[in-house]
Amino acid sequence: MNRLIAGGCRLLEALLALGLALMVLLVFGNVVLRYAFDSGITVSEELSRWLFVWLTFLGAVVAIHERGHLGSDMLVSRLGPLGRKGCLLLSHLAMLYVTWLLWSGAVTQVGINLDVVAPVTGTSMAVFYASGAVFALLGGLLLLHGLWRLLSGRMADEELIAVQESEDLAQVQDLHLGQPAKV
Amino acid sequence: MTVFIFLGSLLGAMALGIPIAYSLLVSGVALMWHLDMFDAQILAQNVINGADSFPLLAVPFFMLAGEIMNVGGLSSRIVKLALTLVGHKRGGLGFVAILAACMLAALSGSAVADTAALAALLLPMMVRAGHDKAKSGGLIASAGIIAPVIPPSIGFVIFGVAANVSISKLFLAGIVPGILMGASIAIAWYFVAKRENIQPPPKASFKEQLAALRESLWALGLPVIVIVGLKMGVFTPTEAAVVAAVYALLVSMLIYREMSVRQLYEVFVSAAKTTAVIMFLVAAAMVSAWLITVADIPSQMIQLLEPFMGNQTLLLIAIMLLVMAVGTAMDMTPTILILTPVLMPVVKQAGIDPVYFGVLFIINNAIGLITPPVGTVLNVVAGVGRMKMDEVTRGVLPFMAAQFIVMFLMVLFPSLVLVPARWLAN
Amino acid sequence: QVEDRTIRIGTTVPADHPISLGAKKFTEIVAAKSAGKLKVKDYPALALGPELQQQSALIGGVQEMFVPSSATLAGIVREFTLLDLPYLIRNPAQADALMDGPFGQALLAKLPEKGLVGLAMWENGLRHITNSRHPIQKLEDVQGLKIRVQQNPIFIDMFKALKANPVPMSFGEVYGALETKALDAQENPLLVARSAKLYEVQKYASLTGHAYGVIIVLVSKKLWDKLSADERKLLQASALEARDYQRQVSREQARKAMEELKAAGMVINEVAPAELDRMRQAVQPVADRALQTFDPALVRLLRSELERVSHIG
Ligand code: NA
Ligand code: NA
């Protein structure tokens with residue numbers, strides 16, 4: 001199970017990198033075309049915005065797995081293991097509840113927008129709203145998995161805090177901490 | 001009443017250890033109940049549409065540019081240039097850190113990335129030269145937070161979108177205040193270094209200076225492109241961001257040749273993930289922002305602040321104190337997202353220039369990154385420098401105080417911000 | 001009978017724009033007619049979210065009313081793009097007759113099956129070209145102008161047919177592009193040229209009137225189905241009463257904008273009727289091509305209606 005999740009997240013990461021690269025190409029391409037050749041990629045803006053929305057929600061799934069979402073552990077870090085478990089249980093239940101709401105709302109939106117087309121590309125707006133449904137589904141499954149591990153006692157003590165204080169701390173650790181100073 | 005339901009449910013959820021983005025959704029649910037308009041569609045619509053913004057595309061692009069510059073060797077060349085320029089002065093390495101921070105700030109939009117680069121490169125040198133480690137770490141932390149004030153700035157992008165204020169104008173208005181922040185810590189460092197009385201490294205020869213300048217010329221070209229592009233109206237901020245990313249990519253792959261394809265992939269993944277965390281927060285904040293609008297909380301706030309409304313300075317001081325208090329415990333992005341929809345109508349009603357307010361607000365949020373107990377940039381210095389948190393906290397105090405003094409000077413004398421902003425915008 | 005209800009009505013423009021003024025007037029009329037039982041609250045300037053979100057919110061029943069441009073609806077009922085056709089009408093009086101007649105009704109009748117109810121057609125007004133090069137006095141003056149247009153195929157084709165160089169761009173970027181001369185021209189109601197301070201970067205405004213902006217007053221069908229006959233009648237009548245006020249304010253402000261642009265140093269010129277006819281002929285193929293893709297019965301109705309209103313004014 002854990003290997004499946006880890007593998008899925010690597011796949012999502014590859015999609016994220018690809019999506020970001022496409023966004024760079026579209027927006028940069030448009031700049032070059034506009035200033036150098038007086039023309040442009042008509043679909044550039046809409047397409048890059050939609051990629052951005054999908055990137056946000058797929059990346060947010062990976063962040064659930066990696067405990068990368070921003071939060072504060074000021075109170076929780078002062079509690080003992082039992083208190084932390086209680087808080088984690090409550091927070092998983094609350095997160096599952098809003099995820100459920102997000103799912104049901106997003107599915108309604110997909111239904112409403114099935115035959116509504118986007119202004120430029122003419123794609124169904126349902127594709128846009130499906131990003132939220134996919135996020136709720138994958139994120140909800142990850143949260144359920146976490147809940148099951150917590151309740152069956154499989155969660156290690158150091159996993160009991162589910163947040164990170166700053167958005168790019170993990171990234172800094174990935175990229176710079178091991179690097180020797182070169183001046 | 002409504003405002004207390006919003007804040008109470010938000011803080012309660014955060015205390016349980018729920019991520020802020022989800023806490024915002026929880027408080028959105030609480031608000032929907034309170035306003036008797038419960039509907040899952042409100043949640044879904046605002047979250048999904050909240051992530052849909054062309055101006056916010058600047059966030060991943062600037063993020064990418066900053067990462068590439070650190071990995072691709074642009075940052076280290078900037079630090080080296082600063083070293084040859086001011087390293088020989090008394091307490092020189094401290095001035096090197098400040099000068100390098102101001103130059104790096106013009107290249108990247110994130111305080112964390114800049115601080116990490118500065119701490120990794122300069123902290124060991126400062127300690128080896130005999131400077132006190134706590135003071136050196138504190139100085140680097142306070143220098144690192146100039147990054148979101150001097151453009152490009154992810155903080156300005158998010159504030160500009162949340163408050164509907166021109167991002168280009170915010171960028172141009174941030175330049176001089178950012179330099180003033182650097183000047184304030186330079187003065188503080190002058191007195192600190194005087195007491196330490198440490199022999200500075202020898203002066204670099206003119207030839208060495210010229211060599212360092214030539215090496216870093218490509219890196220220095222980037223802020224020129226961004227600022228000139230914005231000022232001339234050639235680029236929108238999003239376009240400037242993508243140009244910066246592509247430029248940094250080309251310089252590090254083709255000219256400096258310090259980045260491998262493998263590293264390039266990692267940089268893209270890491271920029272995308274960081275962006276997703278920020279944007280998910282932005283999206284979640286739209287739910288409560290929408291409900292705040294519908295419930296007319298801004299007009300309640302205006303009533304609450306009625307006694308201050310006649311006096312812009314007094315009102316600003318009150319708001320700045322509030323932001324300082326929130327900033328002790330919260331990171332920059334969530335503070336911007338949570339406070340902007342509540343404060344902005346008040347600011348507009350009082351007739352305060354939104355660009356001027358944005359600059360003060362972002363400076364305050366930036367200083368929040370080095371105020372205890374939760375100071376992200378303090379964490380970075382502690383992590384990179386292998387120091388204890390309270391050591392860095394102790395070291396940062398004089399510099400933090402200097403920056404707060406500058407901020408309140410800008411509150412008392414708005415022309416410190418407005419005059420250069422007007423001059424740069426024309 | 002009339003129940004106590006709260007209705008939120010969203011607009012896409014600032015509070016002082018004629019469309020938002022119309023919405024404000026609507027709230028007052030409804031309050032008066034219902035003796036305060038129906039409370040309509042207006043939310044200008046996209047406070048309730050971007051256009052497509054508000055449209056979706058109406059269909060889902062989360063929001064009660066919305067007053068978008070007809071172009072917003074094109075993604076859901078394609079026939080609304082017919083209102084974007086070049087030179088559809090020559091003056092506001094013709095527009096009123098067309099929108100309030102059988103063709104306007106036929107368009108609104110397509111909304112309920114999509115979960116929306118259209119109460120009335122307000123206006124954004126006639127669109128004119130401003131540019132930094134020369135006054136447009138004849139067809140040839142449009143040639144070669146780099147002109148910003150909306151992301152709308154009909155507008156792109158229209159300006160290609162006029163041999164201009166249309167550049168689709170979001171409005172937020174237009175001022176800067178005009179300032180740096182990356183663009184020569186833009187087209188909008190004159191009110192926009194005033195409020196966006198385009199007179200600082202554009203010298204000439206020419207009254208080409210090449211298109212007419214229509215605004216649709218929408219109600220959520222989910223709400224509509226819950227309303228009593230009295231309540232429906234009340235909202236319908238109020239939307240029409242507000243329409244007459246809105247059109248009047250819109251036209252007054254267009255006149256005032258023209259005076260202010262002149263005072264700000266812009267050179268404003270009328271285009272001779274014969275030259276307008278030449279422009280109309282030049283873009284006729286665009287309209288004909290577009291018309292071929294619609295239901296022939298609707299196209300026949302449009303043609304006969306255009307014939308009917310063509311003598312007005
Ligand atoms: Na910066
Ligand atoms: Na802090």
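Throughout, protein chains are lettered first and strands after them, A, B, ... in sequence-line order, and every chain is numbered starting at 1.
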Worksheet item: Given that the side chain runs from C-beta out, which part of B/Thr293 has a heavy atom under 4.5 Å from chain C: side chain, backbone, both or neither?
Response: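 When you check distances to chain C, atoms from both the backbone and side chain of B/Thr293 fall under 4.5 Å.
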Worksheet item: Can you say whether B/Met37 sits under 4.5 Å from chain C via the side chain, the backbone, both, or neither, judging by heavy atoms?
Response: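 Side chain only.
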Discussion item. Would the distance check show the side chain of B/Trp290 and the main-chain N or O of C/Leu48 forming a donor-acceptor pair, the cut-off being under 3.5 Å?
Written reply: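 Such a contact is found between B/Trp290 side chain and C/Leu48 backbone.
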Enclosure of [X] [atom1] (heavy-atom neighbours >12, cutoff 6.0 Å):
| X | atom1 | value |
| --- | --- | --- |
| C/Lys24 | NZ | no |
| C/Asp4 | CG | yes |
| B/Asp296 | CG | yes |
| C/Lys39 | NZ | yes |
| C/Lys114 | NZ | yes |
| B/Glu306 | CD | yes |

Worksheet item: Quick one: CG on B/Asp52 to CG on C/Leu52, what's the gap to the nearest 0.5 Å?
Response: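 The distance works out to 9.0 Å.
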Item to complete: Could you grab the distance from atom CD1 of B/Ile42 to atom CD of C/Gln63, nearest 0.5 Å is fine?
Response: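 Rounded to the nearest 0.5 Å, the CD1-CD separation comes to 10.0 Å.
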Worksheet item: If you measure only the distance, is there a donor-acceptor pair under 3.5 Å linking the side chains of B/Asn46 and C/Gln53?
Response: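 Checked: B/Asn46/C/Gln53 side chains pair up, N/O donor to acceptor below 3.5 Å.
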Discussion item. As an exercise: rank C/Pro50, C/Gly61, C/Ala57 by heavy-atom pairs under 4.5 Å with chain B and give me the winner.
Written reply: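 Maximum pair count with chain B is reached by C/Ala57.
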